[in-house]
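Report on one structure; see the data block that follows.
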2 protein chains.
Amino acid sequence: MNISISQENYLKSILKLEASDGVATNQALAQNMESTPAAVTGMLRKLMKEGLIEYEAYHGARLTESGKHHALLTIRKHRLWEVFLVEKLNFPWDSVHSLAEELEHVGDEAFVNRLDEFLNHPVFDPHGDPIPDAKGVMRERPNLIPSNLAEVGDVFVVCGVVDSSSEFLRHLNQLGVKLGKSFQVYKRYAFDGSSEWKGNQGRLVTLSSHVSEKILIQLQS
Amino acid sequence: MNISISQENYLKSILKLEASDGVATNQALAQNMESTPAAVTGMLRKLMKEGLIEYEAYHGARLTESGKHHALLTIRKHRLWEVFLVEKLNFPWDSVHSLAEELEHVGDEAFVNRLDEFLNHPVFDPHGDPIPDAKGVMRERPNLIPSNLAEVGDVFVVCGVVDSSSEFLRHLNQLGVKLGKSFQVYKRYAFDGSSEWKGNQGRLVTLSSHVSEKILIQLQS
DNA sequence: AATATTTTTTAATCAAGCCTAAAAATTAAG
DNA sequence: CTTAATTTTTAGGCTTGATTAAAAAATATT
Ligand SMILES: [Mn+2]
Ligand SMILES: [Mn+2]
Ligand SMILES: [Mn+2]
Ligand SMILES: [Mn+2]
């Protein structure tokens, strides 16, 4: 009962789709995996046979306890490797995803737990996403909201992103927006929903609504 | 012109066989890769078509410059990961080989070079094997000899092993033989070629010829 | 040189994962 | 309720890297 790389990637996708849509449909998976519906059908049957998902034709797939556990452990590996790459190897946060995508399939639990210890049990990855613990329990992030919901005058800390693509993250680099940095909403333009933020040194940043929707923040009390 | 995991493993095997036998024969490769002669033939043709080896049927294979470069870079990755696993994650030296065997196929040159820097450019791996530099140049080890060639009275430092299997390394653990430790040959039994060594605290260790042949040492002037 | 032995190659199969195109099932619309 | 549109499955193929068994080629032996 060994899980292949491809199977692990499917499990991760199903977990994500289940969280957002309640169920992972064939179509959504095909898009997510950049594959075809026919290929998805074949894989779903395999995953069902191995007890990793429950699957009803035409009604989509859901992870079993076992499948969920494997998916969370894969995510744990992925995010711990991202922490390693950024903290220890000094990679920029916009260039670690694809490498972590490979590393997440290497090694067993003992290995990941040693990595976790070496990194001092980090709780969030470089993109602010929570790292599941050794038992596969995902820590919940406290009440983050998309930054476009903040009102003029609000002070907040940037805590996460909805989009971890290198294109988006490089854009944030150019704007000087990083995790942990705090800003105050300075203006909001009703016309296009764009906003202006004031940084700590008083520097102003302008963000399109498209961008600010993808930034997760925590309001300061 | 992407090199698969299997191809990288073949290149490593060919490099090793070329060093010991001058050429990598089909048969030797089949043994080394735990595969069959038929499978080897197929792979050698693929490697030749990609310009990684020169291959003449019935006369074996040799690496081209390109093939040699790839083989050495794979070995570089393997050994750097072993250093990481032992030095940073505190794995024992007898349990890192299989993990490194997976990790050596992940990531590109930039990645390995950052790992190298993080580890402070180590020159030897945990088994005393030299780590090729960023250009793929193997550093040569200075005049190591198998420990069975040392004579009674000789003082030496353990610098390497010929066999990196976990069985052998665990046996050395039990005997208290580690890299960097120094001993003096105390006795040699002509009957079976076994030897007795005296350690620093005067403790005696007995080694079969089978074992002492696999330990590489440097004689103290 | 002729035969026997070893080594290598060919040929036919397999399994995992993917693909495209056609058929079938389901859901949506009239 | 019947037809149309969408979604999913089946069927047939492809690629990579294996396997076994038989054929062919190269060595070794007499
Ligand atoms: Mn990632
Ligand atoms: Mn991440
Ligand atoms: Mn090794
Ligand atoms: Mn080693």
Side-chain angles (χ1 to χ4, degrees), chain A residues 1-14 17-18 20-63 67 70-71 74 98 101-102 104-106, chain B residues 1-14 17-18 20-63 67 70-71 74 98 101-102 104-106:
Chain A
M1 220 257 244
N2 246 351
I3 303 182
S4 72
I5 291 177
S6 187
Q7 288 177 345
E8 284 186 346
N9 287 330
Y10 268 89
L11 293 180
K12 279 205 308 172
S13 265
I14 295 168
L17 289 170
E18 227 182 304
S20 64
D21 309 352
V23 68
T25 64
N26 185 308
Q27 198 191 33
L29 276 169
Q31 263 193 270
N32 228 284
M33 302 295 296
E34 292 177 315
S35 179
T36 60
V40 171
T41 298
M43 182 55 85
L44 290 181
R45 297 226 281 218
K46 216 169 295 174
L47 293 173
M48 186 169 53
K49 206 160 63 189
E50 299 187 15
L52 296 164
I53 63 171
E54 281 169 29
Y55 171 49
E56 205 184 338
Y58 293 94
H59 290 280
R62 280 190 190 77
L63 296 173
H70 281 291
T74 305
S98 64
E101 206 61 46
E102 294 185 64
E104 72 188 3
H105 306 293
V106 173
Chain B
M1 222 257 241
N2 247 350
I3 302 181
S4 72
I5 291 178
S6 188
Q7 288 176 347
E8 284 187 348
N9 287 329
Y10 268 91
L11 293 179
K12 280 205 306 172
S13 265
I14 294 168
L17 290 170
E18 226 182 303
S20 66
D21 308 352
V23 69
T25 64
N26 184 310
Q27 198 190 35
L29 275 168
Q31 264 193 268
N32 228 284
M33 301 295 298
E34 292 178 316
S35 180
T36 59
V40 171
T41 299
M43 183 56 85
L44 290 182
R45 298 228 278 215
K46 214 168 298 175
L47 293 173
M48 186 169 51
K49 207 161 60 187
E50 300 189 12
L52 296 164
I53 63 170
E54 279 168 31
Y55 172 49
E56 206 185 338
Y58 294 94
H59 290 280
R62 281 188 189 79
L63 295 174
H70 280 291
T74 305
S98 64
E101 206 60 47
E102 295 185 64
E104 73 188 1
H105 306 293
V106 174

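Per chain, numbering begins at 1; letters A, B, ... match sequence-line order.
Residue A:T36 has its side chain nearest to C:dT20 when only C:dT20, D:dT9, D:dA25 are considered. The side chain of A:Q7 lies closest to C:dG17, out of D:dA25, C:dG17, D:dT19. Distances from the side chain of A:S35 to the nucleotides C:dT8, C:dC18, D:dA18 place C:dC18 closest. Among the nucleotides D:dT9, D:dA24, D:dG17, the one closest to any side-chain atom of A:A57 is D:dT9. Taking every side-chain heavy atom of B:T41 into account, C:dT10 is the closest of D:dT10, C:dT10, D:dG17. Which of C:dT9, D:dT9, D:dT10 sits closest to the side chain of A:P37 comes down to D:dT9. Residue B:S4 places its side chain closer to D:dG17 than to any other of C:dA24, C:dT9, D:dG17. Distances from the side chain of A:Y58 to the nucleotides D:dT7, C:dA21, C:dT7 place D:dT7 closest.
Taking 4.5 Å as the limit, every side-chain heavy atom of B:Q7 sits out of range of all side-chain heavy atoms of B:H70.
Separating the CG atom of B:L29 from the C1' atom of C:dT9 is a distance of 15 Å, rounded to the nearest angstrom. We find that CD1 of A:I5 is positioned 16 Å from C1' of C:dA15, with the value rounded to whole Å. As a whole-Å value, the separation of A:Q27 CD from D:dT9 C1' is 15 Å. For the pair A:N32 CG and C:dC18 P, the computed distance is 14 Å after rounding to whole Å. The CD-C1' distance, from A:E34 to C:dC19, rounds to 15 Å in whole Å. Rounded to an integer number of Å, the gap from B:N26 CG to D:dA24 P is 18 Å. Atom pair B:M43:CE and C:dT10:P shows a separation of 16 Å (rounding to whole Å applied). Atom NZ in B:K49 sits roughly 12 Å away from atom C1' in D:dT16 (whole-Å rounding).
Here the shortest heavy-atom pairing between B:Y55 and B:G60 reads CD1-O, 3.4 Å.
Within the structure, every side-chain polar atom (N or O) of A:S6 is placed at least 4.0 Å from both OP1 and OP2 of C:dG17. OP1 or OP2 of D:dT8 has not a single side-chain nitrogen or oxygen of A:Y55 nearer than 4.0 Å. Contact annotation: A:R45 reaches the phosphate of D:dT10 (side-chain N/O to OP1 or OP2, under 4.0 Å). Distances shown here put every side-chain N or O of A:H59 at or beyond 4.0 Å from the OP1 or OP2 atom of D:dT9. B:K46 has a side-chain polar atom (N or O) that falls below the 4.0 Å cut-off from OP1 or OP2 of D:dG17.
Atom CZ of A:R62 and atom CD of A:E54 lie 8.0 Å apart (nearest 0.5 Å). In this structure, the separation between CE on A:M43 and CG on A:L11 is 9.0 Å, given to the nearest 0.5 Å. To the nearest 0.5 Å, the span separating CD1 on A:I5 from CD on A:E101 amounts to 10.5 Å.
Between the B:E8 side chain and the B:H105 main chain, no donor and acceptor come within less than 3.5 Å of each other.
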